[in-house]
Every structure is written in structure tokens, then in C-alpha cells.
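Data block below; observations after.
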Amino acid sequence: MQSPVCRRLVLVLGDQLDRNGPALAGLDAGQDWVWMCEARAEATQVPSHKARTALFLSGMRHFRDRLLAGGIPVRYRALDRESDPSLGAGLGAELKALRPRRVILTQPGEHRVLAELKGVCEAAGTHLEVREDTHFLCSTGDFAAWAGRRSTLVLEHFYRHLRRRESVLMDGDEPLGGRWNRDTENRKPLGRRGPGLVPSPLASPPDQTTRAVMDLVEVQFPRAPGRLDCFDWPVTPEQAQGALADFIDHRLPCFGPYQDAMWTGQPYLYHARISTALNLRLLDPRRPIAVAVEALQSGRAPLNSVEGFVRQILGWREYVRGVYWREGPGYLERNALDAHQPLPAFYWTGETDYACLRAVIGQVLETGYAHHIQRLMITGLFALLLGVEPRQIHAWYLGMFVDAVEWVEAPNTLGMSQYADGGLLTSKPYAASGAYINRMSNYCAGCRFDPGEALGERACPFTTLYWDFLARHRVRFSSHPRTALQWRNLERLEPERLKVIRQAAEALRRSLA
Ligand code: FAD
Ligand code: SF4
């Protein structure tokens, strides 16, 4: 059989599902082909939650169908028993069959994928054109220019720079309302009575395409972690717009004050639940920023909530992406705190007596989601205090969350949560005892441990490990201006008591190895 004529092969990866994406610009349906591939390795290179795999496959199939309906030719390699083991293998076979003059790709979200695809094109002698990803407001070049030779990259400075540049929430050259940061009005606990009735987020129930993909995932990856019965993530741009509108109308007003709060049985509280839609490119980041600002202007949401929300997308999201590309693949190897403990087995099952970890990991297994503070101050904090090897906790976050793509996951995990980059991303480790969790949630009320105890039968592991963490890293942090105050707390402890706490921490570590 004669192979079809192909001038340019335009690659669309599972997190590049935007019809206006750079790789698709200038596509000529008469002589170019789009290429998409459901490669097995993308679901197995870290143990991937069933919902994460289903989300990507369903999003891809919907996008393929949309392209085909628009008259764009697509070569689609679907996942089945004989499917390509890796993206590279799939592309290699396609280059042989089609012999395109050029391959076009939007910059992918992972160093590994870029290197793999480059290698295949090189081996085949086909020119690869990698286009800048215009989904982001800040290009990698802009970020590098902003970062210059700085040894620490302060989010706050970057955020102000971008807010000024994009004229978001500005009053001339000053921040709207006179202050850049509204943290004093935000980050509140919910109080003893809890949140009351929280509006449930709009669900996107599985359609026929998604159901077919869910069946496929169960057959192909029966031992993968997580469940699929709660799957209701947006898989089309229309569903993504609906999810955003629902957040703006019902949860944005409370987002600011309660963005750090946690409550049993409330995985989403007032969070937007749009990271999957953004990361798969079903939603352009300019849209949530614009509609949140509109909500402020029309009096439907207060400034503290809108500013807090804008900070996450215009600030953090753009910032971590800049860090990922600036630091290169070596970032993944960093281990500034010299941590080597294995990840406790209960991270894969949720089977533990620690109520906070049981609740959050159980929720992740069920939905593939936890909100930011659950990730940072429950699962991340425990790994930090225990001293888990950064690569192991990185693999867990990359596999277990529906919104995980390495450019956003790695700086959050290795930098913000584990301090593995030695303070490039945050000036001090997010270390806290069980008292923080008790203040910000109701988890401790249902736990057989006591957040106030570091020793004894009811000792909270966070509290025991917290003191041990301070003692272990005393030399590094006690003279640093940003951390000295926290480390001075060690002086409150009798040396003998600290010694016993450290022995208890060591015993805990042995029992979880
Ligand atoms: P909201 O809390 O409602 O925030 C709105 C949006 O802001 C999010 O959708 C997201 O796009 C953006 N945002 C908020 N915080 C961050 C942040 N720290 N970095 C980048 N963007 C942010 N986010 C991912 O998208 N993918 C990941 O793999 C990921 N891994 C993380 C790992 C760790 C250890 C930590 C601490 C955070 C991680 N985050 C990740 C950031 C954040 O937790 C999620 O973006 C957020 O919980 C998604 O839920 P939401 O849409 O309800 O967000
Ligand atoms: Fe978690 Fe400790 Fe509170 Fe139990 S007592 S829920 S382990 S913080």
C-alpha cells in the first residue's frame, strides 16, 4: 500500500489539547498530518493513578475527534495490547512509514519527553522544529531574563513583575487596593463548626468516549493505583469553561479566606478544581484570570479572594514553569537535605492510623486530587520531616495526581515541599508540627494520636518528627535570618527530652522503612 503524502508531521501530546496551540499554526490539511500516540510508557514510567491515565486518554480522544470533524487528518496510535511501548518507538515507526520532511512540536512539559523525541528525529534524519509554548503568559526566555543571575528566585518579586506587565489588578503602577498581598485576610481555619454546606463543584460525568477509556484502563492497567468510580473531570474545552464558571459563581468568594483550610470529607472546599483543564490546555490561563477580575468588578467576589486566586495562576503557575526550564533536568536529582528514607508503603494504600494522612491519601486514591495545603502540609510535610528521598516522593506526586505534569509537579514537590533544591524556590522549609494540622483542619479530632504530644503512646508522628527535623538541620538553619526564629524553639526543650524524642523519631523511621 502506498504511504500518504506528508510534508509536515505535527505532534500533539496528551497535555497539548489546544486547537490554537503553536504546533498546529499554519497546518495545511492537504499535505500535513497531526500525530497523536497513546504510549504505554506514559502510564507506567511512574505508577500512574487510573484516573490520571483515563483523563489524558479521554482528553486526547475527544481532541482527535474534534480535529477529524474539522477536516484535519490525524494519525492516531491507540492504546491496546500491541500499542507502542513509548512515544519514541511510536514516532520512530511513523517517521519510517510517512517520511515527513519536518516534524513540528510545541515544547513539551517534560525534559525526558523532549530528549526522547529529539533523539528519534535525529536518528531518522528528520528535522524537528520545537515551538515555544504560548499557553503561558511568561515565555521561558522572559523568565530567564527576569531571573538573570539570581541565586534565589522570590515568587513575590516575579508575581509583581508579571502583574505590572500584564496590568492585572493594578491601579496605575500601584496594586489595586494599595497592597500586593492579602494574606492577613486569608489563610483562616474553618473553626470548630466547620464549613457547613459547601457548594459541590460541577461534575463532568463520563460520556461514551470516557467510559470506553475507563474500561480500557481497567483492562490494561489492572494493578495501577487509584479508582475510577468517581471520575468526573472535564475532558473538553466546553466542560472546562463550565467548571470555571461554576467556581467563579459559587466558590470564589470564599476561596481567599479558606484556601489553607482542610476538612474531613471535603476534598475541594472552595478550590477551583481547574488544574487538569489548564494543564491539558483545555483552558487558557488568561481566562480564569479575566473572569475572576470581572467578578471583582461586578461586586460578586471580594479583592482578597480574587487576588489570592490570581496569585496562584499568574504567580505560582508561571513561576514554577520558569524554574523547571531554567534549572534543567539536573533539578530532579537535587537532595539538599541529604534525605534517604524510603517512601512509607501506606502512601500507596492509605492504610495508616494517622487520621490526616489516611484522609488525604484515601481521597487521592478515590479522586486523584488533593488541594494545595493537603499536598504541602500533610503528605509533603510528613515526607519532609521523615526525610524521604526526594526522587521517591516526586514519583508519587507525578503518578498519583490527575493534574500532574513534571514542569509543575517537580518544582512544587522538590522545591516547595521538600526543600531538595536548597532554598532556590522557598527561603525556608515548610516544616511544622501536628499543631499546625490541628489548627487548620478537623483531622486530629478523629485521630488516636495527640498533636500536642511528641512522646508516649499518643505521640503525634508529625510532632515527634518536627523536633527531630529541627535538631537534625540545626547547623544549616539556626543562623539563617529567615529561619533562626523557628529554630530558636529548640532551646525550649531540655537536652535530655530532645534526646529521647530523637530516639523515638529514629524508631518511627525504622518502623516505616
Ligand atoms: P486552586 O487552589 O483553586 O488554584 C487555582 C489554580 O492555580 C490551580 O488550578 C493551578 O493551576 C494554580 N496553582 C495553584 N497553586 C499552584 C502552585 N503551587 N503551582 C502551580 N500552579 C498552582 N499543581 C498542578 O497543576 N500539577 C501538579 O502536579 C502539582 N503538584 C503539586 C505537588 C505538591 C507537593 C504541591 C505542594 C503542589 C502541587 N501543585 C500541582 C500545585 C497545587 O496544589 C495544584 O495546582 C492545585 O491544588 C490544583 O487544584 P485547583 O485547581 O483546585 O487549584
Ligand atoms: Fe495527623 Fe497527628 Fe493530627 Fe493524628 S494527631 S491527625 S497524626 S496531625
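Only a predicted model underlies this, so the values are computations on that prediction, with no experimental measurement involved. Start at 1 with the first residue, then count along the sequence. Whatever order the structure lists them in is the order used to number ligands and atoms, beginning at 1.
Arg375 forms a cation-pi arrangement with Tyr369, by the criterion of a distance under 6.0 Å to the ring centre and an angle within 45° of the ring axis. Taking the ring centre of Tyr331 as origin, the terminal cationic atom of Arg334 falls outside the region bounded by 6.0 Å and 45° from the ring axis. Annotation: cation-pi pair Arg273/Trp233 present, NZ/CZ under 6.0 Å from the ring centroid and within 45° of its normal.
Ligand 1 is approached by Tyr397 to a heavy-atom distance shorter than 4.0 Å. Residue Phe309 places a heavy atom under 4.0 Å from ligand 1.
Ring geometry for Trp487 versus Phe477: interplanar angle of 30 to 60°, hence tilted.
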* CA sep, side-chain torsions, deciding dist, call: Asn304, Asn186, side-chain hydrogen bond (donor to acceptor under 3.5 Å, both in side chains) -> CA-CA 7 Å; Asn304 57 320; Asn186 290 343; 3.1 Å; yes

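Of all atoms in ligand 1, listed by their number and element, those nearer than 4.0 Å to a heavy atom of Arg273 are 50 (P), 51 (O), 52 (O). Each of the atoms 32 (C), 34 (C) of ligand 1 lies under 4.0 Å from some heavy atom of Thr413.
Taking each of Pro288, Ala404, Ala292 in turn, the one with a heavy atom nearest to atom 28 (O) of ligand 1 proves to be Ala404. Counting heavy atoms only, Asn412 comes closest to atom 35 (C) of ligand 1 of the residues Val320, Thr276, Asn412, Ile378. For atom 40 (C) of ligand 1, the nearest non-hydrogen atom from the set Arg375, Glu409, Arg52 belongs to Arg375. Which of Ser275, Gly415, Ala370 comes nearest to atom 10 (C) of ligand 1 through a heavy atom is settled by distance: it is Ser275.
Here Tyr369 has side-chain heavy atoms under 4.0 Å from ligand 1, and that is the only part of it that gets that close.
When atom types are taken as modelled, the side chain of Thr463 and the backbone of Pro451 share a donor-acceptor pair closer than 3.5 angstrom.
Between Phe255 and ligand 1, a contact under 3.5 Å exists for no N or O pair. Checked by distance only, ligand 1 and Asn279 come closer than 3.5 Å through their nitrogen or oxygen atoms. The shortest N or O to N or O distance between Trp316 and ligand 1 is not below 3.5 Å.
Atom OH of Tyr430 has 12 or fewer heavy atoms from other residues, nucleotides or ligands within 6.0 Å. The local environment of CD in Glu457 is sparse, with at most 12 non-hydrogen atoms from other residues, nucleotides or ligands closer than 6.0 Å.
Note on Arg187 versus Asp260: salt bridge recorded, some NZ/NE/NH1/NH2 to OD/OE distance being below 4.0 Å.
For atom 1 (Fe) of ligand 2, the neighbouring protein N/O/S atoms at less than 2.8 Å, given as residue and atom, are Cys356 SG.
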